Amino acid sequence: MTDVDTSPSTSPAAIDAVPLRHPWRWVAAVVIVILVVLFVYGAATNEAYRWDVFAEYLFNERVLTVGLVNTLQLTLYSMVLAILLGVLLAVMRLSPNPVFKAVSWVYLWIFRGTPVYVQLVFWGLLPTIYANIQLGVPFGPSLFQFNLQALSIPFLLAIVGLALNESAYMAEIIRAGISSVPEGQSEASTALGMSWGMTMRRTVLPQAMRVIIPPTGNEVISMLKTTSLVTAVPFTLDLFGITSREIAAREFAPVPLLMVAAFWYLVVTSILMVGQFYLERYYSRGASRKLTTKQLEALAKAQGTGAPGGGGEGA
Amino acid sequence: MTPMVKAEEVCKSFGALHVLKGITLEVGKGEVLCMVGPSGSGKSTFLRCINHLEQVNAGRLYVDGELIGYRERGAKLHEMPPREASKQRRDIGMVFQHFNLFPHRTALQNVIEAPVQVKRVKKSEALARGKDLLKQVGLSEKAEAYPAQLSGGQQQRVAIARALAMNPKLMLFDEPTSALDPELVGEVLAVMKKLASEGMTMVVVTHEMGFAREVANQLVFMDGGVVVESGNPREVLANPQHERTKAFLSKVL
């Protein structure tokens, strides 16, 4: 039996070299620290910041229970709607049906091609444009009608406005995800007798998730911040509206209340970033050839006890 | 007896590119047909026409007496609705060069996917049958492994089990061993040989001349979208009649 020993019997001494010096990094760091200290000192001593007002309103009940809660609700509801609509639009865009393709393209063209602020103003004006909504036979009798102006629905209109705009971006993200799944996958499904819809649902979309999740996390963070634009509807009970419109106008102190709003936006985005990190890690399982720590341990164990290299059996 | 596959002057073109220029052949029930030829000769395209992954432009293709991809009403052909095309494909298993296993499902889940989703077989029954199939291809201990954790040869054997799970009457193999390490080719060919000996009708596009000689009832040599030569594999391989066949075989044998 040929006994091939792959591990060297005497390993060479580890390299002990003088590490490369980086003097300019130190210089840059010192300059930046000086600048930061100057800025913090300036901000702390500048009367315009009104830190007393900032402290007073940071944990204000109305800021938290109305402003923050409304902002979170707007983000959640519009994002869920946008994702559902985005899946529909992406699947339509990629479907073999030319009518679906065209509808999806036109939708994307309009909703990506106009600013979200303009769209929100438009949705705010909806009750003015369409005062009455009636269901019935076209040019025939009306079965059902209600007056839009009688309803007070700025919150709903804000969600609709944000969701419709966002769905156009989500559709593109989902389309990219679907396109990233190799063609062989849908071919294998087709060859097994699966329909187009079943192929999408069972084979393509689950694999597309890996590509879809990270940018969707970005979109959630982006949506949280975009909710500050709902004042265009106008809906003013979100975090930005409560702090910078309501309270700041009452206190004549715009700067500290802007800081309060910024603080809470930053807190929520930080939490979302942590969540995104774990989601990304979860969905990248099996995507890389790199072995996980667990797998490496298992392999090392196998090497210790077993055959690789042919040296093990004889011992 | 109706042949399992009957091709009459089958033509297929992609735009101006004519890939198949009138293929006529027959595969009887329980027979194995091997197709060989240089790349670009149209072998894979013909195979994909048999289960309607590609639509035939001219000629007729029948599987078990049933016209593929079209419905014949009087003298006119009507394009087949996707639902019916899917139904035809259920009885035709296909194995791909690059396996195309579902990477997000385990070996066993890959095998039961189509029976459960397409044929609505009860999950417990599908699982039992799936385990049995994995055993037949020698992979019962890999049932819970994901494709990425399997070698190429193992993946291809799972892919064969997946195709068999639909109880096909015909199996199509598109260069099943071309993407494998030479060491792993044998295990896949062994499974295919066993399948052939059990009476499965098979159409195999391959470069494995040894397999063709040993297992095939009929060998077809294709070049430039036409059948150049066909017949008993031993005779064709030992004594090719056409210059083109001679030139090709002298390179691969």
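Note that the structure is predicted; figures quoted are calculated from it, not measured. Chain naming here is simple, since letters A, B, ... match the order of the sequence lines and numbering starts at 1 in each. No hydrogens, no waters, no symmetry mates; every other heavy atom, side chains included, goes into these values.
The distance from the CZ atom of B:Arg48 to the CD atom of A:Glu187 is 4.0 Å, given to the nearest 0.5 Å. If you take OG1 on A:Thr203 and CZ on B:Arg105, they are separated by 6.0 Å, rounding to the nearest 0.5 Å.
Within the 4.5 angstrom heavy-atom criterion, only side-chain atoms of A:Met198, from C-beta onward, approach chain B.
At most 12 non-hydrogen atoms from other residues, nucleotides or ligands lie less than 6.0 angstrom from CD of B:Glu183. In A:Phe111, the CZ atom is crowded: over 12 heavy atoms of neighbouring residues, nucleotides or ligands sit closer than 6.0 Å. For B:Glu198, the CD atom sits in a packed shell: over 12 heavy atoms of surrounding residues, nucleotides or ligands are nearer than 6.0 Å. For B:Glu72, the CD atom sits in a packed shell: over 12 heavy atoms of surrounding residues, nucleotides or ligands are nearer than 6.0 Å. Atom NZ of B:Lys87 has 12 or fewer neighbouring heavy atoms from other residues, nucleotides or ligands inside a 6.0 Å radius.
Across every non-hydrogen atom of B:Ser86 and A:Ser195, the tightest pair is OG-CA, 4.3 Å. When all heavy atoms are compared, the tightest approach of A:Leu192 to B:Arg90 is O-CG, 4.5 Å. The heavy-atom pair separating B:Phe96 from A:Ala191 by the smallest distance is CZ-CB, 4.0 Å.
Counting heavy-atom pairs closer than 4.5 Å to chain A, the top-ranked of the candidates B:Arg162, B:His52, B:Met166 is B:Arg162. Heavy-atom pairs under 4.5 Å with chain A were tallied for B:Ala163, B:Pro103, B:Ala114; the largest tally goes to B:Pro103.
A:Gln185 places a side-chain N or O within 3.5 Å of a backbone atom of B:Leu101 that can act as its donor or acceptor partner.
Contact annotation: the side chain of A:Ser189 never approaches that of B:Glu113 to less than 4.5 Å [non-hydrogen atoms, C-beta and beyond].
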